[in-house]
Structures are given as C-alpha cells and as structure tokens.
Amino acid sequence: TFLQNHDQVGNRALGDRISATVSPDLLKVGSGLLLTSPFTPMLWMGEEWAASTPWQFFTSHPEPDLAASVRSGRKEEFAGHGWTTDEVPDPQDPQTFRRSKLDWSEVEHDGHAEMLEWYRRLLALRRQRPGLSDPRLHAVEVAYDEQARWLVVTRGTLRVAVNLAASRQAVPLDGMPVGVLLSSVPGFVYRTGGIELEPASIAIVELAAGPSGTA
C-alpha cells in the first residue's frame, strides 16, 4: 500500500507529487497511517524526504510519427481535464526527463531532512513494535468522526490518533494512555479517555493493558 507511485504521479499533467499538494504536516499524517497499517508499505523514489522534483511522463521514441502522436495525445488528454496545452510537458524533450531526476542534495535541507528523520523514526517504531506490522485485518479497528475530523486506528494496545481538523482538539481513546511513542507535532496532552492534538497531526499512543485498554 502507498501514498503515491510512479503511475499516479507520472499520469498527472505536470507530474507533481503529493508534496506539491499537501502541507508537510499532512504528509507526516499520511506516512504515519501508511507505516502503522497492516499492509506492506511501499515508499516511492524520494518520498521519504518529500522530494520536490516532479516525475513527468517522458519518452525517447526514435520514430517521428510515434513521437508526434504521443506528444499530441498527451496534450489532448489533459486539455479535457482543464489544463492548457502549453502546461503539458513535451515527453520527447530531454528537459522533461532531466526535471524528473531526484535532487539528492535536498536531503540536507531543513524541511527535507526533518521529513527523512520522521520516516526513519516511524520505520524504527514499526520494527520495534510488532503490533504495528501485524497483517491480521480482523485485529484492526477504526473509529472516526467525519464532522469533527478525527481518526483513531487500533493496533493491539497502541492507538494511532489523528487530528485532521483546522484547530487543536481532543481525540477520544478507549482507555488510559500510558505514553506517546511518537508524534508528528509537539504540544499534545493525554489523559484517560483521550489525547489533545494540534491540527493536522498524528500520535501513536500506548494504552494500559486490561479492561480499559484492551490488548
């Protein structure tokens, strides 16, 4: 399972990644849900540091007629989805390929380095706590409030709590928290029956085992 892949991004007119659409905070929420899910996660080509380079559809057809057909076909396809033809990159242009190469120097920049560290901590926690990679779907429960915009995923004694609202709010938990193993944004406060989270943030919370914190 994944947040994005080469087909999804490459088949957008501009080849823009999810990092060009959502905030870094929401990227952390998405990766947190991905890497605590019961499925095998796939990370795609620089996603772990929120690479800013696009992945644009590129070709190197030697046949002039085929190259022209692909070029015009791309423009016509995306014109039907609201893009102007001038916006659609020429797949035969070598610059389209060059723009799609990763810029590895980004890893050293603040925002990208912070995202990479977040992914590393998530992966380390997934390895340390087998409940986060347990593939048994019957052991997973999800509680949510669409209007309030919160979500809680049950993974054994752990709860993956998410606040998708635009303001800080309390997210209910079905037990007594004994600690927060990882959070995307500081400033959380937890108590029996809930955790207060900043907007667009995620926290992995451990509950006490027993009747109020089911294992």
State plainly whether the residues R71 and E76 are in salt-bridge range, i.e. N to O under 4.0 Å.
no
So R99 and F58, side chain to side chain contact (heavy atoms under 4.5 Å, CB included) or not? Walk me through it.
CA-CA 10 Å; R99 280 193 297 269; F58 54 83; over 6 Å; no
Minimum heavy-atom separation for L102 and M45, please, with both atom names.
CD2-O, 3.6 Å
Spatial distance of atom CD (Q56) from atom OG1 (T96) [nearest 0.5 Å]:
5.5 Å
Mind checking the CG-CD spacing from L116 to E108? Nearest 0.5 Å is all I need.
11.0 Å
Taking it one step at a time, do L151 and V160 satisfy side chain to side chain contact (heavy atoms under 4.5 Å, CB included)?
CA-CA 8 Å; L151 174 78; V160 182; over 6 Å; no
Polar side-chain atom of S183 near backbone of P186 as donor-acceptor pair, under 3.5 Å
no
Does S69 reach the main-chain N or O of D65 with its side chain, forming a donor-acceptor pair under 3.5 Å?
yes
Separation between CZ of F188 and CZ of R168, rounded to the nearest 0.5 Å:
10.0 Å
How far apart are the closest heavy atoms of M42 and Q4, and which atoms are they?
CE-O, 3.8 Å
Look up atom CH2 in W49 and atom CD in E117, then write down how far apart they are to the nearest 0.5 Å.
15.5 Å
In terms of heavy-atom contacts, L14 and P89 come closest through CD2-CD, 4.3 Å
Scan side-chain atoms only and decide if S105 and D103 contain a donor-acceptor pair under the 3.5 Å cut-off.
yes
OG of S184 to CG of L27: how many Å apart, nearest 0.5 Å?
11.0 Å
Is the backbone N or O of E206 less than 3.5 Å from a side-chain atom of R159, with the two atoms forming a donor-acceptor pair by type?
no
Testing the basics here: between P38 and L137, what is the closest heavy-atom pair and its distance to 0.1 Å?
CG-CD2, 3.6 Å
To the nearest 0.5 Å, what is the distance between CG (L123) and OG (S31)?
9.0 Å
After noting the C-alpha distance and the side-chain angles of V162 and V171, does the key distance pass the side chain to side chain contact (heavy atoms under 4.5 Å, CB included) rule?
CA-CA 8 Å; V162 177; V171 177; over 6 Å; no
Donor-acceptor check, side chain of D90 to backbone of P94, threshold 3.5 angstrom: yes or no?
no
Grab the two heavy atoms, one from V185 and one from A200, that are nearest each other, plus how far apart they are.
CG2-O, 4.4 Å
Closest non-hydrogen atom pair between R126 and L34, with its separation
NH1-O, 4.4 Å
Ignoring hydrogens and angles, state whether a donor on the side chain of T59 or Q92 is under 3.5 Å from an acceptor on the partner side chain.
yes
Tell me whether S19 contacts the main-chain N or O of A51 through its side chain, where contact means a donor paired with an acceptor under 3.5 Å.
yes
Test side chain to side chain contact (heavy atoms under 4.5 Å, CB included) applied to R191 and E196, step by step:
CA-CA 9 Å; R191 59 181 65 86; E196 288 186 14; 3.3 Å; yes
Would V180 end up clustered with W150 when hydrophobic side chains under 4.5 Å apart are linked, directly or stepwise?
yes
